[in-house]
Amino acid sequence: MSNDPLVVFTPSGKRGRFPSGTPVLTAARQLGVDLDSVCGGRGICSRCQITPSYGEFPKHGVTVEAGALSEWNAVEERYKTKRGLKEGRRLGCQACIESDVVIDVPPESQVHRQVVRKRAEARQITMDPAVKLFYVAVTEPDMHDPSGDFQRLKDALAAQWQLEDVQIDLTVLTGLQPKLRKGNWQVTCAVHIGGTPRVVEVWPGFREEPIFGLAVDLGSTTIAAHLCDLQSGEVVASSGLMNPQIRFGEDLMSRVSYSMMNPGGAAEMTAAVREGMNALFGEICTEAGIVRADILDMVLVCNPVMHHLFLGIDPFELGQAPFALATSDALNLTAREVGLELHPSARLYLLPCIAGHVGADAAAVALSEAPDKSEDLLLVVDVGTNAEILLGNTTKVLACSSPTGPAFEGAQISAGQRAAPGAIERVEIDPATKEPRFRVIGSDLWSDDPGFARATERTGITGICGSGIIEMVAEMRLAGIVDASGLIGSPEQTGTERCILDGRTYSYLVWEKDDRRITVTNRDIREIQMAKAALYSGARLLMDKFGVDKVDRVVLAGAFGAHISPKHAMVLGMIPDAPLEKVTSAGNAAGTGARIALLNRAARGLVEATVRDIHKIETAIEPRFQEHFVNASAIPNAVEPFPILNSLVALPEVSFNQGGDTGGGGGGRRRRRG
Ligand code: FES
């Protein structure tokens, strides 16, 4: 056995013997230990920090003496004085192994460090972005060597970073020569390493500042963007914006119709969404204190209509059967070619679409929630203007989308509004007195708590947001104010003067002050019935195709999915009957999927493979969808028994048929596509 010193790395447990004087970074590289370096061991990036441990380590069979590593050197001292180095830390490229040693690699020094996701059950993201920084020393030109500056940069990247056959963007090539000279032949390159490596930016010397990427979820109603540090994985700023295309139509199909009926309509919508995104990126840069040129990569997820309109493809074919996409493949583009104002060479990756109505946002949800890795049968519902629904487990995954319309987002509801301070978000109705109590966004007090009026003085009580309307309708049903068909009863039928005549039907008065009042009209109930029926029917259709009558778990995703109360969603019959503790929320899962694809390039390949295996179900051509829709228009459902729900709550058996308007129950209109 060699007498060379033994080095043991933790937490990986990798170990090996190296000749005395070997830098820790070199040993780590040879053993395949995950130790970062941007400067290639020149003592400037500080990514290679390690912590040596001293003493007895019976577990590793090692005793580490005080002089196990070479002495603290001038490079480390300089770095510590300039930027600071935590107590006990050394630079792995400077400290050399002298005798047996145990070396800990702290999480921030690992190349593939894990980014913690907030939800306990969520998998972590392993850092491996598509754009990375590499610091290189380039050979100076020589009269006897006629090669170009880029050829020598290429050679340096190959020799020092094993990046073979690197290409360069013209925009970068045009500025390369002065940068090489300014940096005294030492430069930091940002290289896109998805496919053929490509230099996307060069800075003279060592670049201290981080580079950034954007994960963007382009929804029909809102655009949400997260700005991430491409080295730490940290989300440094998040911002959202209403999709400016709303002025052309609230939902997808009205935008498709707009493009069909107005020459140049699609191009107008393309320009609007790109302009909106550029404004959003400007805001996010200001918030983070960076400039657009610091953003070098972007991942975009969206539904198929948004996808086509964003790319400048007329969505005409998506408005009619068989709903053919121009392409369902993942796309690797530059941000500039689609009019986005980021770094001139910034890359843009669009996740693949699953089918004509199931887009890259659903693919992102699949990446984030991984139904294909679940042993339980998992139903994932991304609630938005269009609901993306996935059902599956390790055996197979099915997907569909369902046109829920914007009611869940508070639109088309008389007192509906976006989730903002002042909006009613929680509701309880006393089944005996039929009196409501509620909470508004911005205050933790209930409306019957002392101090509520004062607490809401600034925001006021402005309307009802999406999660609030779901609770409201469910509570009205539980209190016997609404019957199973969706009709609001009269004061005589319900025993409350809060039910007021409103044309031929009744409305429920939630709140009034001076001349302002918030009511829930029968029309509002119908809107919610249609939205929830569309959502449930999509889920039920997938259950039929899977050959099951129940699911093990339900995950509610979408910006407002996080705020939906599982009990109320089930009272409405929006989701299938399931144990309440098995209904959880995933927040913006599509956005999370985009963030995973931004920070981990292997995830891009993974989602492309997953999408190929997902079975797509087209709801528009499935006769059973219509049948489920009709049944699901009742609250909770005309035929499904909901045994778990019934064991938890007693749904009053009331019927308020007033002989006129039938309230839409049982025969509700359905938003048709195209
Ligand atoms: Fe850059 Fe050590 S590798 S400072």
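Counting starts at 1 for both ligands and their atoms, in listed order.
Note on Glu369 versus Arg553: no salt bridge recorded, every NZ/NE/NH1/NH2 to OD/OE distance being 4.0 Å or above. With respect to Arg347 and Asp169, a salt bridge is recorded, a charged nitrogen being found less than 4.0 Å from a carboxylate O. Taking the charged nitrogens against the carboxylate oxygens, Asp155 and Arg152 have no contact shorter than 4.0 Å, which rules out a salt bridge. A salt bridge does not link Asp4 with Arg17: every distance from a Lys NZ or Arg NE/NH1/NH2 to an Asp or Glu carboxylate oxygen is 4.0 Å or more.
Those atoms of ligand 1 that come under 4.0 Å of a heavy atom in Ser37, given as number and element, are 3 (S). Which parts of ligand 1 touch Gly43 is read off a 4.0 Å heavy-atom cut-off, strictly below it: atoms 4 (S). Short contacts between ligand 1 and Ile44, defined as distances under 4.0 Å to a heavy atom of the residue, involve ligand atoms 4 (S). Applying the 4.0 Å criterion to heavy atoms of Cys48 picks out, from ligand 1, the atoms 2 (Fe), 3 (S), 4 (S). Counting atoms of ligand 1 from 1 in the listed order, those under 4.0 Å from a heavy atom of Gly41 are 3 (S).
From Glu209, atom CD reaches atom CG of Leu133 across 10.0 Å, with rounding to the nearest 0.5 Å.
At a cut-off of 2.8 Å, Cys45 is not counted among the residues with an N, O or S atom near atom 2 (Fe) of ligand 1. In summary, an N, O or S atom of Cys39 is located under 2.8 Å from atom 1 (Fe) of ligand 1. Using a cut-off of 2.8 Å, one finds that Cys93 contributes an N/O/S atom close to atom 2 (Fe) of ligand 1.
When heavy-atom distances to ligand 1 are checked against a 4.0 Å cut-off, Val38 has no atom that comes that close, whether in backbone or side chain.
Closest protein heavy atom to atom 4 (S) of ligand 1: Ser46 N, 3.1 Å.
When each of Val191, Leu230, Ile193 is checked for a side chain to side chain contact (heavy atoms under 4.5 Å, CB included) with Lys132, only Ile193 meets the rule.
Cation-pi geometry between Arg604 and Tyr349 is satisfied (NZ or CZ under 6.0 Å from the ring centre, within 45° of the ring normal).
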